[in-house]
Amino acid sequence: MDIINALVVFANFVFVPGLAYGAQLALGALGVTLVYGILRFSNFAHGDTMAFGTMAAILVTRGLQAMGISFGPLPTALIALPFAIAATAALVLATDRGIYRFYRKVRAAPVILVIVSMGVMFVMNALTRFIIGVDEINFADGGRFIIAAREFKELTGLAEGLAIRTTQVITVVTAAVAVGLLFWFLGNTRTGKSMRAYSDNEDLALLSGINPERVVAVTWIIVAALATTAGVLYGLDKSFKAFTYFQLLLPIFAAAIVGGLGSPLGAIAGGFLIAFSEVTVTYAWKRVLGYLLPADLAPEGLVQLMSTDYKFAVSFAILVIVLLFRPTGLFRGKSV
Amino acid sequence: MIRVENLHKHFGGFHAVDGATLEIAKGSITGLIGPNGAGKTTLFNVIAGRLPPTSGRVLMEGEDITGLPPHDLFHKGVLRTFQIAHEFGSMTCRENLMMVPAGQSGERLWNAWFNRARVAEEEARLRAKADEVLEFLTISHLADERAANISGGQKKLLELGRTMMVDARIVFLDEVGAGVNRTLLNTIADAIVRLNRERGYTFCVIEHDMDFIGRLCDPVIVMAEGKVLAQGPADAIMQNEAVIEAYLGRGLKNKAAAHG
Ligand SMILES: Nc1ncnc2c1ncn2[C@@H]1O[C@H](COP(=O)(O)OP(=O)(O)OP(=O)(O)O)[C@@H](O)[C@H]1O
Ligand SMILES: [Mg+2]
């Protein structure tokens, strides 16, 4: 019984939240890795692209709610998602036209594009704050729990409860669908293959008649879709605040780099690795250990390796370790 | 077919191509020779749209194609290979070849979803074509190998294979023979001649191997220090004093003198 209770506590506080957070990071890292693979720079504006997309979703959600439209037990934001993706795609395509394309034309060095993307980041962030403000916004509606802790306890008769929130399940399912679509696209469509070819060898891709502007445009649209989805899922799971997405940049980049920049599979693996590391290191293991160890060995303290305030340090530490020992990342992306 | 008029390509103060004017006749296999650093590859890079020229013009059958991007030139039937072989490293050799004829129905997402039969049929045709090309180049056994893992010479063959996937009009080959063994070199030479006769490809071939040039090419263009030194029938070029001086070297000159 004690072991099962320990497992339930573990699932409740580590596994389920880690899985949801990992899915959000994986989606974010996929966007970063695609931009890196195709456009060959690290896009610092990605976090704020997510913020912009989420903001668009919130605005559409409010509109839908005002019209009395809801999605039953599911959050209305899911209906708003396609509209938000379209808005974000329009924004990033306009940014590409107005800004990045110029630097492509003059064949600017990647480091210049990185700096340019920082500029874009500030503008996008300001735009988001200007439109929706800086306050914390909760926009998750519909049913809150699939299983509430109390129901779980009554059902199983265990001392510990397992709560699974609707948003967590939606996060994992939506992320799985998005990743499935992306891989189908990259592996089975001619355009997807052109993108892989372009990422492999730009010169040769051009010589094979692949139109670079088209590849770039398709990439931005996919990146907008991934960023908006990631942002909305994160916002549903936690809450929306214009500045938190900027802070997500570190774990997202860590995930993409750990997995190997330019490798989609690596981005997913990296996302879960970073998420689970962050959660396990900042979780207080006292209760899990209390069940597992004999009573006289039960820990007095919290058995928390690091306070949650330092959670970003985890991403940073993993990033440094990987860069030291395997600079191309776990899945051999392009070296950084 | 192709006319290059007073073409300049400068890198800073360095004139890699310094006022080249030349003509590649339709249906010919034109050789382009010259010492290392003569500007041959740079000339290709400018003609094929990889580098913008500093000045000058490139005409294809009277049409100005100066500075067109490579993917536009591809659709006009202008293809090239690289001196240092390029490949899509993460794909197999077969997939590498299948990438080439871009712009088909699978390009449209709509078709990929709803017109699968047509896309599948095209894929099958492409695949058969790719296998045929691999067979022709005697590298069928590498079809499912990742292109990043094959040898340098094999990559050269794959480069040549790319040009055989579509109906090109003119193909620029940058030292396809370098690093390839003798037997394969003959295979390549045969392939070039066949593509030229049967499919009407025009070729412009950079090569340092004079046997290869002598056997295959007529006429021959000689470049040195960014300028066109001479162009004309192969025999005449091999006898040309200035060419021997600049490129073939003293030894050959003496030999030529002894013969003469
Ligand atoms: N991107 C570049 N930047 C600066 N200089 C360049 C560049 N590309 C070529 N050059 C210079 O231009 C000159 C001509 O080079 P190119 O590659 O065209 O010679 P080549 O005739 O192809 O020689 P090889 O027979 O050795 O291949 C060389 O001196 C080279 O250093
Ligand atoms: Mg060269």
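Model, not experiment: these values are computed from the prediction. Letters go in sequence order (proteins before strands), and every chain restarts at 1.
For NZ of B/K76, the number of neighbouring non-hydrogen atoms (other residues, nucleotides, ligands) closer than 6.0 Å is 12 at most. Other residues, nucleotides and ligands contribute more than 12 heavy atoms inside 6.0 Å of the CZ atom of B/R199. When the shell of 6.0 Å around CZ of A/R326 is examined, it contains more than 12 heavy atoms from other residues, nucleotides or ligands. The neighbour count for B/R127 CZ, taken as heavy atoms of other residues, nucleotides or ligands under 6.0 Å away, does not exceed 12. No more than 12 heavy-atom neighbours from other residues, nucleotides or ligands sit within 6.0 angstrom of CZ on A/F83.
By the side chain to side chain contact (heavy atoms under 4.5 Å, CB included) test, B/T92 is found to be paired with B/R94, B/E95, residues two or more places apart in sequence or in another chain being considered.
For the pair A/I210/B/M99, a side-chain contact is recorded, criterion being any heavy-atom separation below 4.5 Å from C-beta on. Contact check for A/L207 versus B/R50: no side-chain heavy atoms found under the 4.5 Å cut-off. Within the 4.5 Å cutoff, side-chain heavy atoms of B/F88 are placed close to those of A/S208.
Taking CG from B/D72 and CG from A/N211, the interatomic distance works out to 7.5 Å, rounded to the nearest 0.5 Å.
Counted by atom type alone, A/D203 and B/H86 present zero donor-acceptor pairs between their side chains at under 3.5 Å.
Nearest heavy atom pair, residue B/M91 against residue A/D200, reads N-OD2, 4.0 Å.
Taking the charged nitrogens against the carboxylate oxygens, B/E123 and A/K193 do have a contact shorter than 4.0 Å, which makes a salt bridge.
If you measure heavy-atom distances from A/R196 to chain B, the contacts under 4.5 Å come from both the backbone and the side chain.
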